[in-house]
Amino acid sequence: VLVAGATGGVGQLLTAKLLERGYKVKALSRSADKVQQLFRGAEGLSTAIADMRDASSLPAALEGVDAVVCCTGTTAFPSKRWDGGNNPEQTDLVSVRNLVRACPQGLQRFVLTTSAGVERSDKFPFAILNLFGVLKYKRMAEQELEASGLPYLIVRPSRLTDGPYTSYDINTLLKNTSGSRQDITLSLHDDLVGETDTPRAVAGAVAEAIVQSMLLEFVEGKKYSIGSREGDGPGRDPSKWKALF
């Protein structure tokens with residue numbers, strides 16, 4: 001499995017979970033040092049150095065890959081994360097488009113994480129989040145994947161809480177946590193409303209959802225919004241996750 005964004009918040013958790021379950025993982029990154037710092041040569045892990053904004057750097061990284069998970073992203077509003085051209089257009093559209101187009105024939109699954117609200121970017125509160133186009137570009141990337149002919153799954157998390165705090169946003173500033181809201185809500189529509197933060201680390205909800213989805217054929221071609229609510233949640237139980245999906 002190639003994990004694009006392996007050193008980011010969701011990517012770190014996903015990579016660890018995949019390795020734990022016995023998958024071989026290629027961590028796609030611009031920095032081999034950062035991959036080494038985070039994973040310290042874990043068994044089953046290799047590093048693919050590429051810049052997704054540069055299409056020519058991707059074919060070599062995708063050699064021998066059976067599945068791709070793209071969980072890259074940047075901040076919705078201007079921040080230090082935007083330095084060096086890491087704005088929403090380059091990160092959420094150009095990079096994802098390049099990755100999709102570079103995928104080999106015979107790929108078994110492409111999982112893309114985007115965001116809740118991509119189909120409601122003109123409605124409150126998503127219109128505020130989309131002031132600099134982040135939801136627009138994420139939706140355009142989804143459409144690129146949908147039209148690619150690749151076997152895909154799209155996961156749309158609500159606002160991510162808990163660490164790793166890798167970004168420059170209000171969640172990091174306040175060190176938001178999900179507390180007792182560990183149960184998971186999945187929807188086949190972009191319709192989650194209200195208190196729908198998604199616990200990223202305490203339950204590893206997004207990463208766990210992606211890992212569990214790898215074993216389910218019927219999720220192919222679907223888009224799932226994911227949020228949280230009060231309760232214990234499915235944990236790592238495959239039967240509970242299958243029922244949720």
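For clarity, every value in this text was computed on a predicted model and none was experimentally measured.
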Quiz item: When you measure from the side chain of Trp82 to the backbone N and O of Thr75, does any donor-acceptor pair fall under 3.5 Å?
Solution: yes
Exercise. Determine the minimum heavy-atom distance between Ser115 and Val118, stating which atoms define it.
Key: O-CG1, 3.2 Å
Quiz item: Can you pull the side-chain hydrogen bond (donor to acceptor under 3.5 Å, both in side chains) pairs that have at least one residue in residues 24-47, sequence neighbours excluded?
Solution: Arg30-Asn86
Quiz item: Does a sphere of radius 6.0 Å around NZ in Lys242 hold more than 12 heavy atoms from other residues, nucleotides or ligands, not counting ones at 6.0 Å or beyond?
Solution: no
Practice problem: Please name the residue in the list Leu45, Leu38, Val10, Val35 that meets the side-chain contact (heavy atoms from CB on, under 4.5 Å) test with Thr15. | Solution: Leu45
Practice problem: Evaluate the side-chain proximity of Gln212 to Lys240: yes if any heavy-atom separation is below 4.5 Å, no if none is. | Solution: no
Quiz item: What distance separates Glu208 CD from Ser213 OG, expressed to the nearest 0.5 Å?
Solution: 10.0 Å
Quiz item: Taking the side chain from Asp92 and the backbone from Tyr137, do they hold a donor-acceptor pair closer than 3.5 Å?
Solution: no
Exercise. To the nearest 0.5 Å, tell me how far Ile184 CD1 sits from Phe245 CZ.
Key: 10.0 Å
Quiz item: Would you find a donor on one side and an acceptor on the other, under 3.5 Å apart, between the side chain of Arg53 and the backbone of Asn98?
Solution: no
Practice problem: Report yes or no: do Leu153 and Leu186 belong to one cluster of Ile/Leu/Val/Met/Phe/Trp/Tyr joined by side chain heavy-atom distances under 4.5 Å? | Solution: yes
Quiz prompt | Which atom of Phe39 lies closest to which atom of Ala16, heavy atoms considered | solution = CE2-N, 4.4 Å
Quiz item: By salt bridge (Lys or Arg N to Asp or Glu O under 4.0 Å), which residues pair with Arg120, not counting sequence neighbours?
Solution: Asp190
Self-check item: salt bridge (charged side-chain N to carboxylate O under 4.0 Å, His left out) between Arg139 and Glu146, worked out
Solution: CA-CA 10 Å; Arg139 179 59 186 140; Glu146 290 167 358; 3.1 Å; yes
Quiz item: Taking a hydrophobic cluster as the set of Ile, Leu, Val, Met, Phe, Trp and Tyr residues connected by side-chain heavy atoms closer than 4.5 Å, whether directly or through intermediates, do Val206 and Leu19 fall within one such cluster?
Solution: yes
Quiz item: What's the verdict on salt bridge (charged side-chain N to carboxylate O under 4.0 Å, His left out) for Arg236 and Glu20, showing C-alpha distance, side-chain angles and the deciding distance?
Solution: CA-CA 12 Å; Arg236 294 175 49 163; Glu20 195 177 84; 2.6 Å; yes
Practice problem: Please report the shortest heavy-atom distance between Ala61 and Ala50, naming the atom on each side. | Solution: CB-CB, 4.5 Å
Quiz item: Rounded to the nearest 0.5 Å, how far does CZ of Arg101 lie from OG of Ser148?
Solution: 10.0 Å
Practice problem: Any chance you could measure Lys138, atom NZ, to Leu129, atom CG, to the nearest 0.5 Å? | Solution: 9.0 Å
Quiz item: Considering only heavy atoms from C-beta outward, does the side chain of Phe218 approach that of Leu216 to under 4.5 Å?
Solution: yes
Quiz item: Are Val69 and Leu93 grouped together when hydrophobic residues (ILVMFWY) are joined by side-chain heavy atoms under 4.5 angstrom apart?
Solution: no
Quiz item: Do you know which of Lys223, His189, Arg156 makes side chain to side chain donor-acceptor pair (under 3.5 Å) with Glu119?
Solution: Arg156
Self-check item: Nearest-0.5 Å distance that lies between atom OG1 in Thr72 and atom CD in Gln90
Solution: 12.0 Å
Quiz item: Can you find a pair of side-chain heavy atoms, one from Leu14 and one from Val1, that are under 4.5 Å apart?
Solution: no
Exercise. List, by chain and number, the other hydrophobic cluster members for Val100, where Ile, Leu, Val, Met, Phe, Trp and Tyr join if side-chain heavy atoms come within less than 4.5 Å, directly or indirectly.
Key: Leu2, Leu28, Met52, Leu58, Leu62, Val65, Val68, Val96, Leu99, Leu107, Phe110, Leu112, Leu145, Leu150, Tyr152, Ile154
Self-check item: Donor-acceptor contact present, side-chain Ser225 to main-chain Pro157, <3.5 Å
Solution: no
Quiz item: Can you name the nearest heavy-atom pair linking Ala76 to Phe132, along with the distance?
Solution: O-CB, 3.6 Å
Quiz item: Taking atom OG of Ser121 and atom CG of Leu131, what is their separation to the nearest 0.5 Å?
Solution: 11.0 Å
Quiz item: Is the closest basic N to carboxylate O distance between Glu89 and Arg97 below 4.0 Å?
Solution: no
Quiz item: Which pair of heavy atoms, one from Lys136 and one from Asn130, lies closest together, and at what distance?
Solution: N-OD1, 3.0 Å
Practice problem: For Ser158 and Gly227, work out which heavy atoms get closest and say how close. | Solution: OG-CA, 4.1 Å
